[in-house]
Amino acid sequence: MALPNKVKLLLDQAQQLDDYKGCMTYFYKWLNNQFSKQPVRLLIKARSEFIDTLLKKLFVQTGLSEFSQLALIGIGGYGRGELHPFSDIDFMLLTDGEPCDELRSALEIFVTYLWDLNLDIGHSVRTHEQVLEQKSKDVHFTTSLLESRLICGNLVEFERLKSHIVKTPIWRSDDFFIAKVKEQKLRRKKCHGTAYNLEPNIKENPGGLRDLQTIFWVAKKHFHAETLEELIGHGYLTHEEYQELMECLENLWNIRFALHLAAGRCENRLLFDYQPHAAELLGFGSEGKPSVERMMKRLFRIMSRVREMNQMLLAYFEQSILPDHDAHVVTPLDAHFERIGNKIRVKDPSAFFLRENLLVLFEHIADNTDITDIDPNTIRSVRQVRRRLLGDLQDYAACRDAFMRLLKHPNGMGRAFTLMHKHGIIAAYLPQWRSIFGQMQFDLFHAYTVDEHTHKLINNIHRYREKQRNKDFPICTEIMTRMDKPELLYLAAIFHDIAKGRGGDHSELGAVDATAFASMHKLTPSDAKLIAWLVQHHLLMSVTAQRKDINDQNVINEFASKVKNERQLDYLYCLTVADIRATNDNLWNDWKNILLRELYLQTQRALRLGLEHPMDMRDQIRDKKAQAMERLIEDGFIKEDIVNLWSRFKPNYFTSFSEELISWNSKHLLTSYSKEKSGVAVSEKPMQGGTQVFVYAPYEASLFAKLVSVIGSKKAQIQNAQVMTTKDGYVVFSFVILEVNGDAISGSRAKNLRRGLDSILVDPKKKIRLKKNRSQRFKDFNIKPKVIVRPHARDDRNLVEIQAVDIQGLLTKIAEVLQVHNLHIHAARITTVGERAEDFFVVSNEHYLALSEDEKTALHHSLMKKLNAESE
C-alpha cells in the first residue's frame, strides 16, 4: 500500500536527526492505528516502503550517491519487502573494489545516522569477490542473497551480482536442500521439537514463519520460483493448499505484528507478559485469560497446519532433489499399505473410505520399526479425509477395535502415537482431545499446552520399556515389565488432563470421560474403575510427596489407605513420574525422584504389612477368571475341569497374576500334571517383560531354597518371585527371570534351565553350589541390609521383611538361611527394584507356629550376618 501523504511529506522535508525521529514516531502511530483496519500484508509492505524511502534519502544526504559504483541491496526479510514494526533491517553495500577513505567516511556517517534513529540494522560492505567467497562458506548468506533486491545505487553492479550468483552455483540444489533441512532440524531441537510451548517463538518454533520460509527458499533455489503459487504449476501444491498456506502466513504475520506492537520492540517470543495486549490488538477481547486462550488456540492450530504442510512439501522436494534408488524399493504391508524406504504409503487414497484404515496406518508404523514417517501423498490423503469426517472416528466399531489394538501394541504408544498426534488423528478419534488441543496452562509450572504435555507423558511411559531407561527409572521399568495391562496406564495418561479448560475439577470430569470411554470400548468394570481412579487421583502421589512429611508414618498410612492396593500403587507411581517429567523440562530433579521413590517404597511396605483391602479385589478376581476362562475354553479345555482346578487356589493367586499368566499356568496344570505330580513350565517366548517360570509341587519346606539355587547356578537373574500355597497342600512358585544383559532367556538356555529345575523335583537331595559373585552393576551402592521380623495377621505366622542391595545369589542366600532355621514359607513377595531388593516372607516354625522371641532373634542374627557378609 502507498505511504500516507503526511508521512511522505515529513520524510521529504526532513533534514535533521530530530526531523527523522518525528517522522518515525508519526509513522509508528499510524501503523498501530491501522492494524485493526488494514490487512497486515499491506502494513508490513508499508513499513518496508517507509524504510526504502528513508534509506534512499539518507543515501543521498550522506553523500553515498556520489560513489557511482555503490549499490545498496536489501537482503533477508527486508529483501522480500516484509518488515514488521520493529523487524531488523538487513542490507548489504556492494562495491566494485575495496572502499577508498572518502567512501569509508561516508559509510560510517550513513550507518551512524541509522543507529541514532534507533533502527536495528544488520549491514555489511562487500566486493563481488567477497560476496562469492562468503556464499561458498555460508548457507545463511546464500539464503539471504536469494531474496536480495536493489534499494538504490548502481543497477549494473546489482545485475552483475545476480549474474554471478546464477553463473557460479556454488551451492547446488541438493547441497542447499540438505543444508536447509539440517538447519530446520537444529532449529526445532532448540525448541524441544514442539510448537506447543506456552511462550512460543513465532519465527523459530516448528510451524512458525521459518517453516514457511524454508519451503519458499528451497522452491526458489531448485525451481527458480518467485512465489509459492508457482509450485501449483510444478505439481507440488493444490490450489486449496496454496490458499491454506497464504491464510496461515497471514495469520502468523498478524500475530507477530501484534506482538511487536505489544512489546514495543523486535520480539518474536510470545511471552506471557505480552499475550493479553496482543490478544486485545488481534480482536480476541480484553478479558485476560479467556482472550489469551482464544488467541493461543488459533496460533497453535495454525502452527500445526504449517508444520504438516512443511513436512509434506519438503518430502516432495526430497523426492525431486535427492533421488534415492534404495528409497524406491517397495515392500507390501497389506492390501492397502506399503513401505517405500523409511516411509509408509497408502496404495490408493480410496482405502480411507474405510475409516479404520486411518488407524491401521499407524498399526503398521508400530509393527515396523524401519518406518519413521509417512509418504507425502499419504499425508495429503489423510489431510483431505480428516477434513471431511462426519463425527468422530470412535463412533465406528472397527475404529474402536483398531484403537484398542494400538493401545495394547508394544510400540503403539511410541512413534505411532506421536505421528497420530502430529497428523490430527487422535483429535479426530477423541472429541475431548480436540478441546485440549492448544489449551493454555496459566502458570510457571507447565511449559506446554495440555495436549503436548499429555503427548510427552505418554512418550515417557513408553520409554520405560526401553532397556537404556532401566538405569534412570528402575522402579518404573520393573513395574512396566510385569504390568498386566499397560494399556490402562496409557488410557489414564490420555484422560488425566483431558477436562482442563472446561471449568470445575478436571480430575473428576476426566474420570467421568474415562468411564464413558471404557464403556464405549467394552473394557471390564474393574479396568474401567482403575482408569477412572487413576485419572481422579493422578495428583495424589505428587501432592503427598512434595507437600507432606513422608517420614511420618501416619502420612504413609493415610496415603496407603487411599491407594488401597499394590496394583493401583504401581500404576499411580508410573503415571506420576511420567506426568511430572512431561510438565517442564527443568522441573524433574533428583529430589523429586527420591521423594516419589521413598513414598512408593514405604507405601508398598505398608500395604504388604496389612493395609491392603481384600474387598477391593473382588471385581478384579472375577474379571481375571472370566478372561482366563475364555482363553482356556478357546484352547479346548472343559469349563468344569477349570473350575475344579481353580477351587484349589486361594484368592491371592488370582490377585497376583494376570489373566494371561493364570491361563498359561492353568494350561500346564490341566495338560501335563495331575494332583499327585510336580511340574515345571518355562515360557518359550517373553511374557510380560521376561521369561516366566512356573513350578507346581507338593509343599516341602526346603524347596524354595533349592529352586532359587538352580536358577542362580544358571547365571539367570530373578527379577520377581512369588510363592503361595494351595488349599490342598501344594505350593506354587512363579519367577520372572532374565539374562544378565536384560534379555529374556530362550532356546537351549531355557530348556537347560527347565531340566535343572525338573531334576530338583525328582532328586530333592541334589546339592546346588553357587559361587559368590557380587554384581558389578551395583558395586557403587552401599545400602545397609535391614531385617525386621514382625507379627502377622494370623497368630500362627510371622512376616519377615528384608531389604538389601541386589547382589548375585541374594535370594539363594536368604532361602538357605530360612531353610537352616527349618521355617515353613507360606507366602513370599520378592521384588528387585533397581539396585534394591525388597523381599517379604510369611513364615512359621517347624511346628507351624509363630516364631518365639528366641527364634526371631536367631533368625534376625543369621540373616544379618549373611547379608553383611555378602555385601562386603
Side-chain angles (χ1 to χ4, degrees), residues 48-49 51-83 87-117 119-180 182-183 213 216-218 220-222 224-226:
S48 180
E49 185 181 341
I51 296 299
D52 286 354
T53 307
L54 175 66
L55 292 184
K56 288 175 183 177
K57 182 164 185 181
L58 290 176
F59 192 81
V60 173
Q61 188 172 320
T62 57
L64 289 179
S65 60
E66 298 175 10
F67 299 90
S68 59
Q69 77 277 22
L70 190 65
L72 175 60
I73 300 168
I75 57 177
Y78 181 42
R80 293 193 302 274
E82 299 169 4
L83 285 181
S87 292
D88 296 345
I89 303 160
D90 296 321
F91 60 84
M92 178 176 63
L93 290 151
L94 182 67
T95 71
D96 62 353
E98 288 296 327
C100 62
D101 292 341
E102 291 82 2
L103 178 54
R104 289 182 187 278
S105 178
L107 288 171
E108 185 176 336
I109 295 171
F110 177 75
V111 170
T112 301
Y113 217 109
L114 296 177
W115 287 341
D116 289 341
L117 289 172
L119 292 172
D120 289 328
I121 61 171
H123 71 286
S124 61
V125 182
R126 300 180 190 274
T127 65
H128 288 275
E129 291 72 19
Q130 289 170 338
V131 168
L132 294 177
E133 181 182 359
Q134 183 68 16
K135 178 177 179 288
S136 67
K137 297 177 182 178
D138 189 351
V139 70
H140 303 286
F141 185 65
T142 302
T143 304
S144 67
L145 290 179
L146 287 174
E147 302 173 312
S148 58
R149 67 185 176 94
L150 182 66
I151 306 301
C152 59
N154 195 313
L155 176 61
V156 174
E157 291 296 316
F158 176 69
E159 293 296 339
R160 179 185 168 206
L161 173 67
K162 299 288 279 188
S163 176
H164 282 182
I165 293 172
V166 173
K167 292 180 180 178
T168 315
I170 297 171
W171 283 90
R172 300 182 312 179
S173 288
D174 53 356
D175 294 331
F176 184 79
F177 175 78
I178 292 170
K180 298 312 289 185
K182 181 180 179 181
E183 182 181 270
Q213 290 162 2
F216 177 70
W217 291 330
V218 174
K220 190 161 188 176
K221 177 66 178 173
H222 184 69
H224 306 294
E226 291 301 322

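These numbers were taken from a predicted model, which means no experiment stands behind them. FYI, side chains are in, hydrogens and waters are out, and symmetry mates aren't considered; it's all heavy atoms of this structure.
Shown here are the side-chain hydrogen bond (donor to acceptor under 3.5 Å, both in side chains) partners of His123, two or more places apart in sequence or in another chain: there are none. Partners of Ser105 under the side chain to side chain contact (heavy atoms under 4.5 Å, CB included) rule, at least two apart in sequence or in another chain, are Ile109. Partners of Thr127 under the side chain to side chain contact (heavy atoms under 4.5 Å, CB included) rule, at least two apart in sequence or in another chain, are Thr95, Glu98, Glu129, Gln130. By the side-chain hydrogen bond (donor to acceptor under 3.5 Å, both in side chains) test, Glu183 is found to be paired with His140, Lys180, residues two or more places apart in sequence or in another chain being considered. Here Asn154 pairs with nothing under the side-chain hydrogen bond (donor to acceptor under 3.5 Å, both in side chains) rule; sequence neighbours left out. Every residue meeting the side-chain hydrogen bond (donor to acceptor under 3.5 Å, both in side chains) condition with Glu147, not counting sequence neighbours, appears here in chain and number order: Arg80, Trp217.
Atom CG of Leu107 and atom OG1 of Thr62 lie 8.0 Å apart (nearest 0.5 Å). Atoms CG and NZ, on Asp174 and Lys221 in that order, are 10.0 Å from each other to the nearest 0.5 Å. Remark: Ile121 CD1 to Ile51 CD1 distance equals 10.5 Å, nearest 0.5 Å. Rounded to the nearest 0.5 angstrom, Glu66 CD and Glu102 CD are separated by 10.5 Å. Taken from CG in Leu119 to OH in Tyr113, the straight-line distance is 11.5 Å, to the nearest 0.5 Å. Atom CD1 of Ile151 and atom CG of Asp52 lie 4.5 Å apart (nearest 0.5 Å).
Looking at Leu83, Asp120, Leu54 one by one, the single match for side-chain contact (heavy atoms from CB on, under 4.5 Å) with Ile89 turns out to be Leu83. Each of Leu72, Leu161, Val125 was scored for a side-chain contact (heavy atoms from CB on, under 4.5 Å) with Met92, with one residue passing: Leu161.
Residues Leu94 and Phe158 fail the side-chain proximity criterion, which asks for heavy atoms closer than 4.5 Å. At a threshold of 4.5 Å between non-hydrogen side-chain atoms, the residues Phe141 and Arg126 count as touching. Two residues are said to be in side-chain contact when any heavy atoms from C-beta on lie closer than 4.5 Å; Leu70 and Asp96 fail this criterion.
Between Leu64 and Ala106 the shortest heavy-atom distance is CD2-CB, 3.6 Å. Nearest approach of Gly81 to Ser48, heavy atoms of both residues: CA-OG, 3.3 Å. The two atoms that bring Phe216 and Glu226 nearest to each other are CE1-O, 3.3 Å, heavy atoms only. Minimum interatomic distance between Cys100 and Phe67 (heavy atoms only, all atoms of both residues): SG-CE2, 4.0 Å.
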| task | Carefully, step by step, assess Leu117 and Leu58 under the rule side chain to side chain contact (heavy atoms under 4.5 Å, CB included). | result | CA-CA 12 Å; Leu117 289 172; Leu58 290 176; 4.2 Å; yes
| side chain to side chain contact (heavy atoms under 4.5 Å, CB included) between Leu145 and Ile73, worked out | CA-CA 9 Å; Leu145 290 179; Ile73 300 168; over 6 Å; no
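Side chains of Asp88 and Tyr78: no donor on one and acceptor on the other come within 3.5 Å.
Geometrically, Arg149 does not engage Phe91 in a cation-pi contact, judged by NZ or CZ lying under 6.0 Å from the ring centre and within 45° of the ring axis.
In this structure a side-chain-to-backbone donor-acceptor pair under 3.5 Å is missing from Lys56 to Cys152.
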